[in-house]
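Only one structure is covered here, and it is reproduced in the block below.
Computed from heavy atoms alone, side chains included, the values below leave out hydrogens, waters and symmetry copies.
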Amino acid sequence: GLSEPAAPPAAPPTDTVSVAPPPSNAQQLLADLRLVGIAQGQAPTAMVEQVSQNTTNVLRVGDQIAGFTVKAILDDRVVFDAGGQELELF
């Protein structure tokens, strides 16, 4: 009689292989920030809540929060500089 072909080796479970890469540190930090409001004026300010700290900060361009530097305060968003990477908080 013919011998059975050898079974292929068991594949590793897929859930350990196809794990999505964790978000970059900057994205995780950004997720902790919530835009409360923006006040346009001679020097626009943005109220940004740092959720994990339960604090609300009034920020101007050039201020720092959570490792970011405020690059611009627009009508509907704040643009941060995270080590050369631009991130927007809506």
Side-chain angles (χ1 to χ4, degrees):
L2 296 168
S3 61
E4 289 285 312
T14 52
D15 62 351
T16 59
V17 176
S18 61
V19 175
S24 73
N25 199 28
Q27 290 290 7
Q28 283 179 321
L29 291 170
L30 189 70
D32 187 39
L33 301 179
R34 194 170 70 81
L35 182 58
V36 179
I38 291 174
Q40 290 290 353
Q42 286 193 325
T45 56
M47 284 181 64
V48 176
E49 181 183 347
Q50 201 165 358
V51 179
S52 67
Q53 311 289 322
N54 202 23
T55 57
T56 301
N57 306 272
V58 177
L59 303 173
R60 290 188 169 85
V61 173
D63 286 350
Q64 293 195 327
I65 184 172
F68 302 127
T69 304
V70 179
K71 191 169 184 177
I73 297 174
L74 307 176
D75 286 342
D76 62 344
R77 72 192 73 171
V78 179
V79 181
F80 292 110
D81 179 15
Q85 180 184 7
E86 269 196 15
L87 298 167
E88 292 186 345
L89 182 64
F90 295 89

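When all heavy atoms are compared, the tightest approach of Val58 to Thr45 is CG1-CB, 3.9 Å. When all heavy atoms of Met47 and Thr56 are compared, the closest pair comes out as CE-CG2, 3.6 Å. Of all the heavy atoms in Leu35 and Ala46, the pair that sits closest is CD1-CB, 4.3 Å. Residues Lys71 and Val61 come closest through the heavy atom pair O-CG1, 3.5 Å. Minimum interatomic distance between Val79 and Glu86 (heavy atoms only, all atoms of both residues): CG1-OE1, 3.9 Å. Here the closest non-hydrogen pair linking Ile38 and Asp75 is CD1-O, 3.9 Å.
Among pairs with a residue in residues 45-80, those fulfilling ring-ring contact (aromatic ring centres under 6.0 Å, His included) read Phe68-Phe80, at least two apart in sequence or across chains.
Counting non-hydrogen atoms of other residues, nucleotides and ligands closer than 6.0 Å to CZ of Arg60 gives a total of 12 or fewer. With a 6.0 Å radius and a threshold of 12 heavy atoms from other residues, nucleotides or ligands, Asp76 has its CG atom above the threshold.
Two residues are said to be in side-chain contact when any heavy atoms from C-beta on lie closer than 4.5 Å; Arg34 and Val48 fail this criterion. Side-chain contact between Leu59 and Val78 is absent, with no heavy atoms from C-beta onward closer than 4.5 Å.
Of the inter-residue distances, the one linking Arg77 atom CZ with Leu89 atom CG reads 10.5 Å to the nearest 0.5 angstrom. Atom-to-atom distance recorded for Asn54:CG and Glu49:CD is 6.5 Å, nearest 0.5 angstrom. One distance of note links CG of Asp63 with CD1 of Ile73; it measures 7.5 Å at 0.5 Å rounding.
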